[in-house]
Student: 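Got a structure for you, questions after.
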Protein chains: 2
Amino acid sequence: MNRTVDRAEGERVVLIDGVAMSLDDCPVRDVLDSVGGKWTSLMIMGLAEGPRRFSQLRRFIPDISQRMLTQTLRDLQRDGYITRTVYPTKPPSVEYRLTPLGRSFLALLRSLVRWSAENHAAIRAARRAYDAGEA
Amino acid sequence: MNRTVDRAEGERVVLIDGVAMSLDDCPVRDVLDSVGGKWTSLMIMGLAEGPRRFSQLRRFIPDISQRMLTQTLRDLQRDGYITRTVYPTKPPSVEYRLTPLGRSFLALLRSLVRWSAENHAAIRAARRAYDAGEA
DNA sequence: CTGGATCCGCGGCGATACTG
DNA sequence: CAGTATCGCCGCGGATCCAG
């Protein structure tokens with residue numbers, strides 16, 4: 001049963017399937033903030049098969065700006081999804097690699113990819129029908 | 001094997017696990033745009049156990065503004081996740097209910113909730129460690 | 001090759017007031 | 001009860017230039 005309760009500290013919490021989802025500090029929202037970005041999911045998929053270098057990722061996602069490539073990588077690193085390894089060669093090369101946490105999440109992401117592919121047509125259809133009714 | 005290819009129409013496409021993810025019109029991004037919003041996932045969880053009325057949802061998520069409640073519901077309806085039924089009583093009451101598509105997505109969302117709960121601590125820890133190293 | 005710094009527009013989201 | 005209308009903030013993300 002889902003319900004909203006107040007904890008001792010005055011924190012409001014929603015219980016869902018026995019999992020506490022705080023409204024102020026919600027785990028799901030944290031994860032969605034990490035992976036809900038425009039490029040994050042594609043980036044993780046790009047690292048699915050093994051470590052990749054900066055320019056490899058740039059080629060993998062041709063229409064990402066280099067600013068967002070850098071920022072997305074830093075955010076993923078900050079949250080522990082990937083590691084960043086610098087090789088002091090000349091010119092320098094940097095390698096990005098999924099952590100165990102990142103690989104764990106990759107499994108979830110694959111489910112999402114599959115579901116999206118299967119239901120994309122239905123969503124688009126619903127949207128067209130809705131917009132037609134509005135016009 | 002993941003790779004970026006060009007289709008006949010000149011559309012750039014990424015093949016992931018055999019699933020085509022267009023860069024211009026990506027199914028996963030569509031889904032994440034639907035569910036990546038600040039309130040969407042909570043809203044779907046709120047409808048998990050059965051149909052709910054506007055004010056019930058408002059009580060379920062106390063700190064949502066009524067503007068965002070309306071907008072989130074309309075977006076979910078537009079994409080086919082929920083239906084909206086108006087009962088012309090006095091005063092009027094409106095019932096929101098998950099569609100088969102919405103219930104299908106709910107299964108995925110539950111996985112996400114579970115994963116988030118299990119790994120939230122690890123993410124927070126990684127973030128603290130990263131920020132400590134930056135300071 | 002791998003970034004950092006800066007400028008800026010757009011859209012998500014919140015607050016408030018009003019309505020059938 | 002269940003919305004609609006308007007305003008304004010702010011952060012995401014793109015473009016461009018610069019650097020080790």
Side-chain angles (χ1 to χ4, degrees), chain A residues 12 23-24 26 28-43 46-47 51-79 82-97 130 133-134, chain B residues 12 23-24 26 28-43 46-47 51-79 82-97 130 133-134:
Chain A
R12 301 197 61 85
L23 264 38
D24 305 320
C26 170
V28 182
R29 196 169 295 162
D30 259 22
V31 172
L32 284 176
D33 284 348
S34 292
V35 84
K38 189 172 180 182
W39 305 106
T40 356
S41 54
L42 255 175
M43 191 72 68
L47 292 169
R52 290 288 183 267
R53 300 194 20 225
F54 190 89
S55 45
Q56 289 182 300
L57 291 169
R58 173 191 281 234
R59 276 191 300 276
F60 180 70
I61 314 176
D63 46 353
I64 193 176
S65 68
Q66 132 272 41
R67 168 189 157 85
M68 288 317 295
L69 179 54
T70 302
Q71 185 173 309
T72 303
L73 288 168
R74 290 182 75 86
D75 291 346
L76 286 174
Q77 182 194 0
R78 178 183 144 103
D79 285 354
I82 65 176
T83 58
R84 189 183 109 114
T85 314
V86 181
Y87 296 100
T89 58
K90 209 171 49 163
S93 81
V94 182
E95 185 187 83
Y96 296 91
R97 180 191 307 254
Y130 182 92
E134 293 301 290
Chain B
R12 301 198 59 87
L23 263 39
D24 305 319
C26 172
V28 182
R29 197 170 295 163
D30 259 22
V31 172
L32 285 176
D33 284 348
S34 292
V35 84
K38 188 172 181 180
W39 305 105
T40 355
S41 55
L42 256 175
M43 192 71 70
L47 292 169
R52 292 286 184 268
R53 298 187 26 218
F54 191 89
S55 45
Q56 290 181 300
L57 290 170
R58 171 191 281 235
R59 277 192 298 277
F60 180 69
I61 313 176
D63 46 353
I64 193 175
S65 67
Q66 117 277 41
R67 168 188 159 83
M68 287 318 294
L69 180 53
T70 301
Q71 185 172 311
T72 303
L73 287 169
R74 291 183 77 85
D75 290 347
L76 286 175
Q77 183 195 359
R78 178 182 144 102
D79 285 354
I82 66 177
T83 59
R84 189 183 109 114
T85 313
V86 180
Y87 296 100
T89 58
K90 208 170 53 165
S93 80
V94 183
E95 185 185 84
Y96 295 92
R97 181 192 307 254
Y130 182 92
E134 292 301 290

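Note on naming: letters A, B, ... go to the chains in the order of the sequence lines (proteins, then strands), and numbering restarts at 1 for each one.
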Student: For B/Pro91 and for B/Gly36, locate the closest nucleotide of DNA chain C by heavy-atom distance; then report the residue assigned to the nucleotide nearer the 5' terminus.
Tutor: B/Gly36
Student: Determine whether any donor atom in the side chain of A/Gln66 lies under 3.5 Å from an acceptor atom in the base of C/dG4, or the reverse, and answer yes or no.
Tutor: yes
Student: Name the residue closer to the 5' end of DNA chain D, choosing between A/Ile64 and B/Arg84 according to the nucleotide with the nearest heavy atom.
Tutor: B/Arg84
Student: Can B/Arg74 and A/Tyr130 be said to form a side chain to side chain donor-acceptor pair (under 3.5 Å), step by step?
Tutor: CA-CA 10 Å; B/Arg74 291 183 77 85; A/Tyr130 182 92; 3.3 Å; yes
Student: Base, sugar-phosphate, or nothing for A/Arg58, non-hydrogen atoms under 4.0 angstrom?
Tutor: nothing
Student: Which nucleotide in the set C/dG14, D/dC1, C/dT2 lies at the smallest distance from any side-chain heavy atom of A/Val94?
Tutor: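 The nucleotide sitting nearest to the side chain is C/dT2.
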Student: Does B/Arg53 place a side-chain N or O at less than 4.0 Å from the phosphate oxygens OP1/OP2 of D/dC1?
Tutor: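 Answer is no, no contact under 4.0 Å.
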Student: Between atom CG in A/Asp33 and atom P in D/dG13, what is the gap in whole Å?
Tutor: 11 Å
Student: What is the distance, rounded to the nearest whole Å, between atom CG of B/Leu69 and atom P of C/dG12?
Tutor: 17 Å
Student: What is the separation between atom CE on B/Met68 and atom P on D/dA2, rounded to the nearest whole Å?
Tutor: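 It works out to 19 Å between those atoms.
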Student: Rounded to whole angstroms, how far apart are NZ on B/Lys90 and P on C/dT19?
Tutor: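 Going from NZ in B/Lys90 over to P in C/dT19 covers 21 Å.
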Student: Quickly work out the B/Leu73 CG to D/dT4 P distance and round it to whole Å.
Tutor: 11 Å
Student: Tell me the interatomic distance from A/Asp63, atom CG, to D/dG14, atom C1', rounded to whole angstroms.
Tutor: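 Between C1' of D/dG14 and CG of A/Asp63: 12 Å.
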Student: At 4.0 Å (heavy atoms only), tell me whether B/Tyr87 reaches a base, stays on the sugar-phosphate, or touches nothing.
Tutor: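 Contact class for B/Tyr87: none.
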Student: Determine whether B/Ile82 and B/Met43 make a side-chain contact, defined as any pair of heavy atoms from C-beta on separated by less than 4.5 Å.
Tutor: no
Student: Would you kindly check whether a donor in the side chain of A/Arg67 faces an acceptor in the base of C/dG4, or vice versa, at under 3.5 angstrom?
Tutor: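 Result: no qualifying N/O pair found.
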Student: Measure from the side chain of A/Thr70, starting at C-beta and using heavy atoms only, and say which of D/dG13, C/dG4, C/dG14 lies closest.
Tutor: C/dG4
Student: CZ of A/Arg74 versus C1' of D/dC12: gap in Å, rounded?
Tutor: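 These atoms are roughly 17 Å apart.
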Student: In whole angstrom, what separates A/Gln71's CD from D/dG14's P?
Tutor: 10 Å
Student: May I ask you to test the A/Leu47-A/Leu57 pair for a side-chain heavy-atom distance under 4.5 Å?
Tutor: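 Yes. Closest side-chain heavy atoms under 4.5 Å.
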Student: Which listed nucleotide (C/dG20, D/dG3, C/dC1) is nearest to the side chain of A/Pro92?
Tutor: C/dC1
Student: Is A/Ser55 near enough to C/dT2 that one of its side-chain N or O atoms lies under 4.0 angstrom from OP1 or OP2?
Tutor: yes
Student: What are the two closest non-hydrogen atoms of B/Gly46 and B/Arg52, and how far apart are they?
Tutor: O-CG, 3.7 Å
Student: Contact between B/Ile61 and B/Leu69 at the side-chain level, heavy atoms closer than 4.5 Å - yes or no?
Tutor: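 Heavy-atom side-chain distance check fails, nothing below 4.5 Å.
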